[in-house]
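These figures come from a predicted structure and were not determined experimentally.
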Amino acid sequence: MPTILGQNQYGKAENRVVKITRDGDTHHIKDLNVSVALSGDLDDVHYSGSNAHVLPTDTTKNTVFAFAKEHGIESAEAFGVLLARHFVENTEPIGKARIRIEEYDWERIETSDANSKFIGADEVKHSFVRKGQEIRTAQITFDGESVEVLSGLKGLTVLNSTNSEFWGYIKDRYTTLKEDYDRILATEVAAVWRHNWTGAQEERTPAWDKSYAQTKKHMLHAFAETYSLSLQQTLYQMGSRVINSRPEIDEIRFSMPNKHHFKVDLSPFDIKNEAADGAVYYAADRPYGLIEATVLRDGATPRIPVDMTNL
């Protein structure tokens with residue numbers, strides 16, 4: 001039976017790039033993990049092994065590092081747009097480039113007031129500690145005509161110690177879960193949001209760093225301010241807050257595992273363990289409920305792939 005080639009792409013994955021910018025004695029750090037995927041007129045390399053249309057993956061790696069030096073890294077999104085445009089516009093067989101980036105954030109270490117600094121240092125501005133709240137993500141795709149920018153984050157763990165309930169659900173012969181009117185709600189947020197910016201000349205480029213910071217802020221505010229009857233309800237409120245507050249975003253998708261906290265049964269020791277009195281819980285590792293959904297601006301077309309976030 002004859003076969004034909006389907007969707008294909010290639011590139012260099014997980015290029016770890018650390019760019020230090022020196023502003024006198026004050027240093028700044030950008031720490032990225034950049035993956036490049038290219039597609040286009042690549043039938044021959046699959047059918048016959050001809051590399052005539054192949055830009056070596058080693059070249060894509062070198063380009064990532066050279067661009068970090070030549071252009072700097074203003075933001076993950078801006079750096080990804082530069083790379084995507086370069087590969088499509090400067091390599092004829094390549095018709096589409098997708099750049100995926102993870103960014104690891106660092107903050108400056110504040111030094112002590114004691115006279116323990118090394119000789120000649122009035123103030124240390126080159127020491128950093130890795131932030132641990134979340135990993136920032138970005139995916140930039142350019143097809144020669146328009147740019148699509150998906151920003152996001154993963155590993156953002158949040159918890160409400162009250163103002164969450166779960167009751168009124170379907171019960172059958174296999175249901176053992178008890179209804180809970182005062183529970184811990186905890187999750188580890190993974191989110192991807194799509195900007196409506198396409199890279200056209202007449203469009204104003206978003207302020208990527210500000211947009212990211214504000215989007216995260218609105219998500220956290222909605223999580224904290226929602227009296228939750230389900231994690232689905234909280235997810236929707238987080239997405240709605242982002243869409244209603246950030247006009248540059250048309251779509252946001254969440255993947256949110258329910259990090260279950262169950263009250264420990266202390267009745268064998270004749271000890272009550274109620275939430276109202278400050279209960280003791282055990283944090284269950286797995287299995288866990290996994291809640292996923294997309295929230296859209298009214299009239300927008302969903303474009304974020306569902307498999308970008310789910311298991």
Are Val81 and Trp193 in one and the same hydrophobic cluster, where Ile, Leu, Val, Met, Phe, Trp and Tyr link if side-chain heavy atoms are under 4.5 Å apart? no
Going by atom type alone, with no hydrogens or angles, which donor-acceptor pairs under 3.5 Å involve a side-chain atom of residues 273-284 and a protein atom two or more places apart or on another chain?
from	atom 1	to	atom 2	distance (Å)
Asn273	OD1	Val280	N	2.8
Asn273	ND2	Val264	O	2.9
Asn273	ND2	Val280	O	2.8

Indicate the atoms forming the closest heavy-atom contact of Phe166 with Leu229, along with that distance. CD1-O, 4.0 Å
Between Phe254 and Val189, which heavy-atom pair has the shortest distance, and what is it? CD2-CG1, 3.9 Å
Looking at Ser267, is its backbone amide N or carbonyl O close enough to the side chain of Asp270 to form a donor-acceptor pair, meaning the two atoms are under 3.5 Å apart? no
Going by atom types only, do Glu292 and Ser255 share a side-chain donor-acceptor pair under 3.5 Å? yes
Where is the tightest heavy-atom contact between Phe128 and Ile109, given as atom of each residue plus distance? O-CD1, 3.4 Å
Would you kindly say whether Ser151 and His195 are connected by a side-chain donor-acceptor distance under 3.5 Å? yes
Answer yes if the side chains of Asp180 and Trp167 hold a donor-acceptor pair under 3.5 Å, and no otherwise. no
Heavy-atom nearest pair, Ala222 first then Met238, reads CB-CA, 3.6 Å
Verify the distance criterion only: is there a donor paired with an acceptor across the side chains of Ser35 and Arg100 at less than 3.5 Å? no
Considering all heavy atoms, the nearest Lys19-Ala68 contact: CE-O, 3.3 Å
Test: side chain to side chain donor-acceptor pair (under 3.5 Å). Region: residues 207-216. Which pairs qualify, not counting sequence neighbours? Gln133-Lys216, Glu134-Tyr212, Glu134-Lys216, Arg136-Asp209, Ser211-Glu248, Gln214-Lys217
Between Phe262 and His260, is the gap from one ring center to the other below 6.0 Å? yes
Decide yes or no for Tyr169 and Thr175: does some side-chain heavy atom of the first lie under 4.5 Å from some side-chain heavy atom of the second? yes
Can you sort out the partners of His46 under ring-ring contact (aromatic ring centres under 6.0 Å, His included), two or more places apart, ordered by chain and number? none
How far apart are the closest heavy atoms of Leu231 and Arg183, and which atoms are they? N-NH2, 4.0 Å
Greater than 12 external heavy atoms within 6.0 Å of Arg130's CZ: yes
